[in-house]
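Just so it is clear, the values below take in all heavy atoms, side chains as well, and ignore hydrogens, waters and symmetry mates. This one's a predicted model, so the numbers in the text were calculated from it and none came from an experiment.
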Amino acid sequence: MIELRRSPRINVTWRGLIKLGEGKVFPIRVFNISETGILIMSEQVLTIDKEYQLMLEIPHIDQESMIPYKVPCKVVVSHAILSGNFFRVGVRILEIADLHRDLINAWVSLSKKFDPPKEN
């Protein structure tokens, strides 16, 4: 299969929160992530082209600390599909601190070191 994304993604099993309104915060699961986008699973329906605030829990790259980084970011929904009792939602990252973008890139780089070479 040909990869059409601009940024490489890695599969992860991270947690997070999404803010849907004043005082309304719901849990999400993060399934894959890149420098520019995230695939999340949400019990809540999210509107395509709408912006949301997320708080991601990203483990330390060395994984020695049990306390994850709390990473706030602003995203916009690109697509959403109902999958069982959850929505699989693709979002594009609009705003994130440079330090946190570097953390995501470090995870992507680390996982790429362990990927087996692709056959032609």
Side-chain angles (χ1 to χ4, degrees):
M1 180 174 220
I2 298 172
E3 178 63 58
L4 299 176
R5 295 183 180 108
R6 285 177 271 148
S7 301
R9 290 185 180 239
I10 59 165
N11 293 324
V12 296
T13 53
W14 297 344
R15 299 183 309 176
L17 298 170
I18 187 165
K19 184 176 181 182
L20 297 183
E22 210 49 49
K24 296 180 182 176
V25 178
F26 297 94
I28 59 169
R29 300 299 260 166
V30 179
F31 283 95
N32 70 39
I33 193 163
S34 74
E35 179 182 4
T36 58
I38 309 168
L39 179 65
I40 63 173
M41 184 83 79
S42 170
E43 291 182 1
Q44 311 303 315
V45 62
L46 303 178
T47 305
I48 293 177
D49 293 330
K50 185 171 180 182
E51 295 179 4
Y52 295 94
Q53 290 290 332
L54 299 185
M55 177 69 72
L56 306 175
E57 292 185 355
I58 301 181
H60 287 248
I61 196 73
D62 61 15
Q63 297 196 9
E64 289 182 13
S65 174
M66 297 304 292
I67 301 170
Y69 289 104
K70 306 291 187 189
V71 176
C73 59
K74 182 192 282 187
V75 300
V76 63
V77 175
S78 300
H79 60 85
I81 186 167
L82 183 61
S83 178
N85 295 329
F86 298 89
F87 293 91
R88 293 175 68 87
V89 183
V91 299
R92 185 170 41 89
I93 300 171
L94 298 176
E95 295 176 12
I96 189 168
D98 289 341
L99 180 66
H100 294 142
R101 190 176 305 275
D102 291 345
L103 176 62
I104 291 169
N105 287 335
W107 272 105
V108 171
S109 294
L110 181 66
S111 78
K112 293 299 173 193
K113 288 181 184 178
F114 298 107
D115 281 351
K118 295 190 181 343
E119 295 180 20
N120 291 332

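Grouping the Ile, Leu, Val, Met, Phe, Trp and Tyr side chains by contacts below 4.5 angstrom, directly or via other members, places Val75 with Val108. Linking Ile, Leu, Val, Met, Phe, Trp and Tyr whenever their side-chain heavy atoms come within less than 4.5 Å puts Val71 and Phe26 in one cluster. Residues Ile18 and Ile33 are members of one and the same hydrophobic cluster, defined by side-chain heavy-atom contacts under 4.5 angstrom among Ile, Leu, Val, Met, Phe, Trp and Tyr. Two different hydrophobic clusters hold Ile93 and Phe31 under the rule that ILVMFWY side chains link at heavy-atom gaps under 4.5 Å. With hydrophobic clusters built from ILVMFWY side chains whose heavy atoms lie under 4.5 angstrom apart, Val45 shares a cluster with Ile38.
For the pair Ile61/Leu110, a side-chain contact is recorded, criterion being any heavy-atom separation below 4.5 Å from C-beta on. A heavy-atom distance below 4.5 Å is not found between the side chains of Ile28 and Arg15.
Atom CZ of Arg88 sits about 13.0 Å away from atom CZ of Arg29, to the nearest 0.5 Å. Here the OG1-CD distance, from Thr47 to Gln44, works out to 11.5 Å after rounding to the nearest 0.5 Å. Taken to the nearest 0.5 Å, the CD atom of Glu51 stands 4.5 Å off from the NZ atom of Lys74.
In terms of modelled atom types and a separation under 3.5 Å, the side chain of Ser83 and the main chain of Phe86 share no donor-acceptor contact. The closest donor-acceptor contact from the side chain of His60 to the backbone of Pro68 lies at 3.5 Å or more, if one exists at all. A donor-acceptor contact shorter than 3.5 Å is absent between the side chain of Tyr69 and the backbone of Leu103. No side-chain donor-acceptor contact under 3.5 Å links Trp107 to the backbone of Val12. Judged purely by atom type and a 3.5 angstrom limit, Arg101 uses its side chain to pair as donor or acceptor with the backbone of Glu35.
When all heavy atoms of Pro72 and His100 are compared, the pair lying nearest together is CD-CE1, 3.9 Å. When every heavy atom of Leu17 is checked against every heavy atom of Pro27, the shortest pair comes out as CD2-CA, 3.9 Å. Counting all heavy atoms, side chain and backbone alike, Glu57 lies closest to Trp14 at O-CB, 3.6 Å. In terms of heavy-atom proximity, Ile104 sits nearest to Ser34 at CG2-O, 3.5 Å. Residues Leu56 and Cys73 share a closest heavy-atom pair of CD1-SG, 4.2 Å. Nearest approach of Tyr52 to Val77, heavy atoms of both residues: CE1-CG2, 3.5 Å.
More than 12 heavy atoms of other residues, nucleotides or ligands shown are found within 6.0 angstrom of CG on Leu82. Environment of CG in Asn85: sparse, with no more than 12 heavy atoms of neighbouring residues, nucleotides or ligands closer than 6.0 Å.
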Q: Evaluate the criterion side-chain contact (heavy atoms from CB on, under 4.5 Å) for residue pair Val91 and Val89; output intermediate values, then yes/no.
A: CA-CA 6 Å; Val91 299; Val89 183; 3.8 Å; yes
